[in-house]
Amino acid sequence: MAERRFKRIVAAYSGGLDTSVMIPWLQERYGAEIVTYTGDLGQGEDLDAIRAKALATGASEAVVDDLRDRFVEEFIWPAVKASAVYEGQYPLHTALGRPLLARRIVEVAREVGADAVAHGCTAKGNDQVRFEVTFRALAPDLGVIAPLREWEMRTREEEVDYAVARGISIPITRDKPYSIDQNLWGCAIECGEMEDLWAEPPDDAWIMTRDPAHAPKGSVEIVIGFERGVPVSIDGRPMGGVRLIEYLNDLAGTFGVGRIDMVENRVVGLKSREVYEAPAATLLHMAHTELERITLDRPTFNYKRKISQDYANIIYDGTWFGPLRDALQAFVDHSQQTVTGEVRIRVSAGLARVVGRRSPYSLYDQGLATYSEGDIFDREAAEGFLKLYSLGYRTLAEARRRAEERRADRDGEDG
Ligand code: ARG
């Protein structure tokens with residue numbers, strides 16, 4: 001590989017082993033000064049400690065941002081409105097965070113006059129795709145470095161040796177053998193014994209949810225309020241997005257709701273076992289779709305379901321900043337104009353179910369739907385409707401009958 005030199009590199013930094021080793025490695029390999037970037041998406045880490053650690057590891061500057069509000073307003077809520085869930089199960093917490101982090105990294109690169117950016121993603125994952133597509137879309141002139149695809153180190157042990165040789169304090173990990181990516185919208189847990197598809201995820205793999213077997217007895221009811229497709233209140237109390245998601249993560253997590261164990265198709269062509277926790281996301285998608293069931297007309301509801309799949313793939317595939325997402329967003333936003341109202345959900349051990357819904361824009365008409373007193377449905381109209389609705393099938397049956405007769409006549413002549 002041709003050696004390129006860089007003056008200053010902005011590196012995505014989580015404080016974990018890979019991104020810690022990246023700092024000296026980038027300095028040595030590219031002769032560059034390193035500025036680290038860490039965005040708080042609600043991963044629940046001590047950000048002051050992360051900043052101090054980056055500086056202690058050799059960064060000349062460590063930028064740390066609280067991105068939680070932007071993450072919710074600009075990424076999570078659009079995804080809720082779009083009902084974006086990958087392959088029917090994954091609410092996309094990691095995939096939604098990447099374009100925001102990548103955009104901030106580009107902005108910081110401009111601020112500090114960097115000529116390259118770096119990330120700590122592996123060659124097998126989707127995250128490299130999401131970072132690099134965004135980097136190239138927003139700043140095609142910047143160099144992009146993926147040390148984990150380049151360096152000679154193959155194992156954690158080699159990385160630890162590398163760090164120790166340079167006197168760098170590394171995260172002490174006698175801890176779990178899992179790769180974890182957590183934020184406000186959920187948590188992904190990979191590796192370890194879960195690479196065997198038949199093996200049940202071990203008890204110690206879970207972070208945000210309690211084992212449903214140890215959930216509180218009984219159930220609780222909550223009412224989630226939406227305005228134009230965006231969650232705005234719990235039990236009638238208005239709540240900001242970050243707070244609302246934290247509240248639901250807590251509540252549903254306590255009851256063991258939101259555990260997902262799936263095998264998914266990665267962008268790079270392989271299948272992987274992914275264990276997710278998405279307590280708030282599970283409740284919010286459930287409630288939001290329920291509200292759409294009463295506020296959207298049938299063709300729009302069904303059409304939007306098709307769009308949702310495409311929209312989820314766009315997020316997953318890392319093309320958030322592309323023109324198709326913008327175009328679909330316009331459709332989605334328009335469709336949400338009447339998605340205002342409330343949904344009642346009952347949460348019990350390992351289970352959340354919708355038990356009620358209401359909206360000022362509801363298209364449900366009890367007079368039309370009722371089988372009791374007060375029925376206004378025109379029964380005779382149904383008769384006429386069915387005459388025409390079934391016309392094609394009657395015609396088909398008639399044609400088949402005639403063909404059958406002709407065949408019987410022919411068979412008779414032959415015999
Ligand atoms: N498979 C999920 C995705 O591609 C989760 C990735 C989790 N990332 C991680 N670095 N552990 O979005």
Side-chain angles (χ1 to χ4, degrees), residues 11-22 37-45 50 71 75-76 78-79 82 84-102 105 118-134 146-149 156 159 171 173 175-195 197 201 204-209 258-279 281-282 285 309 311-321 325:
Y13 179 73
S14 70
L17 179 62
D18 290 337
T19 55
S20 294
V21 170
M22 255 168 65
Y37 179 80
T38 309
D40 181 5
L41 300 177
Q43 59 268 49
E45 304 255 13
I50 287 189
F71 185 37
F75 294 85
I76 297 178
V85 176
Y86 183 65
E87 294 186 343
Q89 292 186 289
Y90 166 40
L92 294 158
H93 74 280
T94 297
L96 282 165
R98 299 305 180 189
L100 175 55
L101 292 174
I105 287 168
H119 63 74
C121 308
T122 68
K124 286 188 189 187
N126 298 311
D127 290 324
Q128 57 177 347
V129 178
R130 299 166 185 150
F131 269 122
E132 292 187 33
V133 169
T134 308
L148 274 82
R149 291 199 306 246
R156 283 182 84 77
E159 290 183 35
T173 44
D175 68 350
K176 308 168 182 176
Y178 312 125
S179 160
I180 292 166
D181 189 61
Q182 187 179 358
N183 64 38
L184 258 184
W185 201 228
C187 183
I189 309 136
E190 304 167 310
C191 307
E193 50 199 285
M194 285 170 286
E195 285 176 2
L197 298 189
D204 72 348
W206 307 98
I207 294 166
M208 299 174 81
T209 57
R259 292 185 170 191
I260 300 158
D261 177 343
M262 74 186 280
V263 178
E264 74 191 29
N265 292 295
R266 285 197 187 164
V267 181
V268 295
L270 56 90
K271 288 189 190 291
S272 67
R273 164 79 164 296
E274 303 282 342
V275 170
Y276 295 114
E277 295 174 279
T282 300
H285 274 300
Q309 220 184 76
Y311 190 109
N313 288 345
I314 288 172
I315 297 172
Y316 192 84
D317 294 353
T319 55
W320 177 272
F321 290 113
R325 212 269 314 174

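Start at 1 and go down the list; that is how both ligands and their atoms are numbered. Worth knowing before you read on, the calculation uses all heavy atoms, side chains too, and leaves out hydrogens, waters and symmetry mates.
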With heavy-atom distances below 4.0 Å as the criterion, list the atoms of ligand 1 near [X].
X	result
D181	7 (C), 8 (N), 9 (C), 11 (N)
S179	11 (N)
E190	9 (C), 11 (N)
E274	1 (N), 5 (C)
R130	3 (C), 4 (O), 12 (O)

Hey, is [X] close enough to [Y] for a salt bridge, meaning N to O under 4.0 Å?
X	Y	answer
R325	D317	no
R266	E190	yes
R273	D261	yes

Among all protein heavy atoms, pick the one closest to [atom] and tell me residue, atom and distance.
atom	answer
atom 12 (O) of ligand 1	Y90 OH, 2.5 Å
atom 4 (O) of ligand 1	N126 ND2, 2.7 Å
atom 10 (N) of ligand 1	D127 OD2, 3.4 Å
atom 1 (N) of ligand 1	E264 OE2, 2.7 Å
atom 2 (C) of ligand 1	Y276 OH, 3.0 Å

Practice task
Kindly state whether the ring of F75 and the ring of W320 have centres lying under 6.0 angstrom apart.
Solution key: yes

Exercise for the section: Mind telling me whether Y276 and H93 have parallel, tilted or perpendicular rings, with 30° and 60° as the class edges? Expected result: perpendicular

Exercise for the section: Classify the side-chain pair E274/Y86 by whether it contains a donor and acceptor separated by less than 3.5 Å. Expected result: no

Exercise for the section: Tell me yes or no: between the side chains of E87 and Y316, is some donor less than 3.5 Å from an acceptor? Expected result: no

Problem - 4.0 Å heavy-atom contact, Y86 with ligand 1 - result: no

Fill in the blank from the handout: From the list C187, C191, P201, side-chain contact (heavy atoms from CB on, under 4.5 Å) with V275 holds only for P201

